[in-house]
K.L.:
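Here it is: the structure, laid out below.
Remember, it's a predicted structure, so these values are computed and weren't measured experimentally. In this chain, numbering begins with 1 at the start of the sequence shown.
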Amino acid sequence: MELVRVQDSDYRKTYELYMSFPENDNGYMNNVYGYNYEQFLEWIEKKLVSGERLT
């Protein structure tokens, strides 16, 4: 396993990874659960512009 920053990754693979997690998994809240790919890209862009972490 390799840790890769989202900014440096393939967004399609990152999307697929996020969608593999349930909405609430043992306390981890997947804030993009159910987003389509376009919505996911918009979410990433907002986070990158604001300097927030992608969680």
Side-chain angles (χ1 to χ4, degrees):
M1 182 181 291
E2 180 182 353
L3 183 61
V4 178
R5 292 181 339 156
V6 171
Q7 298 93 314
D8 300 333
S9 69
D10 175 339
Y11 289 152
R12 176 58 72 178
K13 287 182 182 177
T14 303
Y15 172 76
E16 290 170 5
L17 176 64
Y18 268 86
M19 293 306 112
S20 73
F21 300 126
E23 187 172 14
N24 182 354
D25 186 27
N26 294 321
Y28 169 73
M29 298 301 296
N30 182 353
N31 296 322
V32 295
Y33 181 81
Y35 279 24
N36 65 37
Y37 186 62
E38 274 302 311
Q39 291 170 313
F40 181 74
L41 292 177
E42 290 171 8
W43 177 77
I44 287 177
E45 185 62 29
K46 284 183 197 175
K47 294 286 188 171
L48 293 176
V49 168
S50 70
E52 293 180 58
R53 292 178 48 197
L54 301 175
T55 56

K.L.:
The criterion is ring-ring contact (aromatic ring centres under 6.0 Å, His included); which residues satisfy it with Tyr33, sequence neighbours excluded?
P.N.:
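Counting only residues at least two positions away or on another chain, Tyr33 forms no ring-ring contact (aromatic ring centres under 6.0 Å, His included).
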K.L.:
What are the two closest non-hydrogen atoms of Asn30 and Phe21, and how far apart are they?
P.N.:
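Taking Asn30 first and Phe21 second, the nearest heavy atoms are ND2-O, 3.1 Å.
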K.L.:
Listed by chain and number, what are the side-chain hydrogen bond (donor to acceptor under 3.5 Å, both in side chains) partners of Ser20, not counting sequence neighbours?
P.N.:
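side-chain hydrogen bond (donor to acceptor under 3.5 Å, both in side chains) list for Ser20, sorted by chain: empty.
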K.L.:
Considering non-hydrogen atoms only, spot the tightest contact between Val32 and Met19 and give its length.
P.N.:
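Heavy atoms only, the tightest pair is O-CE, 3.1 Å.
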K.L.:
Over all heavy atoms of both residues, which pair between Tyr11 and Leu48 is shortest? Give the atoms and the distance, please.
P.N.:
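Of all heavy-atom pairs spanning Tyr11 and Leu48, the closest is OH-CD1, 3.7 Å.
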K.L.:
What distance separates Leu41 CG from Thr14 OG1, expressed to the nearest 0.5 Å?
P.N.:
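Taking CG in Leu41 and OG1 in Thr14, the distance rounds to 10.0 Å.
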K.L.:
Yes or no on side chain to side chain contact (heavy atoms under 4.5 Å, CB included) for Val49 and Glu45, after CA distance, side-chain angles and deciding distance?
P.N.:
CA-CA 6 Å; Val49 168; Glu45 185 62 29; 3.4 Å; yes
K.L.:
Would the distance check show the side chain of Tyr35 and the main-chain N or O of Glu42 forming a donor-acceptor pair, the cut-off being under 3.5 Å?
P.N.:
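No: the side chain of Tyr35 does not pair with the backbone of Glu42.
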